[in-house]
Undergrad: 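Below is one structure. I have some questions about it.
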Amino acid sequence: MSEATPEVTADATADNPALDRIRSLIGTNAVVLFMKGSKSMPKCGFSSRVAGVLNYMGVDFADVDVLADPSIRQGIKDFSDWPTIPQLYVKGEFVGGCDIITEMTLSGELDALFEQAGVPYDKAAADKIREANA
Amino acid sequence: MAMEAHDIEALIRESFPNAKITITDLAGDGNHWAAEVVDESFRGMNRVQQQRAVYASLKGKMDGPNGALHALALTTKVPA
């Protein structure tokens, strides 16, 4: 995965506690999924799909329910310059939304990203997802 | 207010005049769309950058519960 630095202007970050909280979340957790609902109870099909992949691959990730906090819901869209939820961050970098994560899962790029980032995951489970969608 | 396939294509076309654009109605309900955009300008961009560019062309139509576009699955590619 090449660079995907969030484009945030100085003005957008000024006095916005939501953005500080987002920075803290992605700074202290290797894998963070901003989603609707929680990993155990997703409230949207797109969020459910990405959380499901991560759960199935045995990835330890922090889930942030954007429905619980409107300032985070809008804040993460501004922070990532990305209009949709879910959004996946690995090691502080924005990886993508549902479509990109699905593509990367099936192509094996997500495995490579986790390996690079030193994030433990179940390779056999990832292979099973690919076999089932071949 | 929902959008039609040709509306979505027209918006994307404004920013990507030479792209191959395929719009699919995923659920047959005029509300869940897929768009595939194949354009030379994507060369050298990663997927996030490519899709940001497409989202930008939609000019806020995907903004939240009141946006005209409820669900749009995006695929972006460089021409083969």
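Every chain is numbered from 1 and lettered A, B, ... according to where its sequence line falls, protein lines coming before strand lines.
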Undergrad: Please check if atom CG in D127(A) has more than 12 non-hydrogen atoms from other residues, nucleotides or ligands closer than 6.0 Å.
TA: yes
Undergrad: Please say whether more than 12 non-hydrogen atoms of neighbouring residues, nucleotides or ligands are located less than 6.0 Å from NZ in K128(A).
TA: no
Undergrad: Starting from V38(B), can I reach Y55(B) by hopping between I/L/V/M/F/W/Y residues whose side chains sit under 4.5 Å apart?
TA: no
Undergrad: If you draw a 6.0 Å radius around NZ in K123(A), do more than 12 non-hydrogen atoms from other residues or ligands fall strictly inside?
TA: yes
Undergrad: Please check: side-chain N/O of D99(A) versus main-chain N/O of T75(B), any donor-acceptor pairing under 3.5 Å?
TA: no
Undergrad: Less than 4.5 Å to any heavy atom of chain B: does that hold for the side chain of T84(A), its backbone, both, or neither?
TA: side chain
Undergrad: Are I85(A) and V32(A) connected in the hydrophobic side-chain network, where two residues link if heavy atoms are under 4.5 Å apart?
TA: yes
Undergrad: Non-hydrogen atoms of chain B under 4.5 Å away: do they reach the side chain of Q87(A), the backbone, both or neither?
TA: neither
Undergrad: Is a side-chain donor or acceptor of R52(B) paired with a backbone partner of S80(A) at a separation under 3.5 angstrom?
TA: yes
Undergrad: Could you tell me which portion of L58(B) (side chain, backbone, both or neither) has an atom closer than 4.5 angstrom to a non-hydrogen atom of chain A?
TA: neither
Undergrad: Out of curiosity, does F46(A) fall in the hydrophobic cluster containing M57(A) (side-chain heavy atoms, cut-off under 4.5 Å, transitive links)?
TA: no
Undergrad: Using a strict 4.0 Å threshold on nitrogen-to-oxygen distance, state whether E103(A) and K77(B) make a salt bridge.
TA: no
Undergrad: Does W82(A) form a side chain to side chain contact (heavy atoms under 4.5 Å, CB included) with V48(B)? I'd like the steps, not just the answer.
TA: CA-CA 9 Å; W82(A) 195 259; V48(B) 167; 4.0 Å; yes
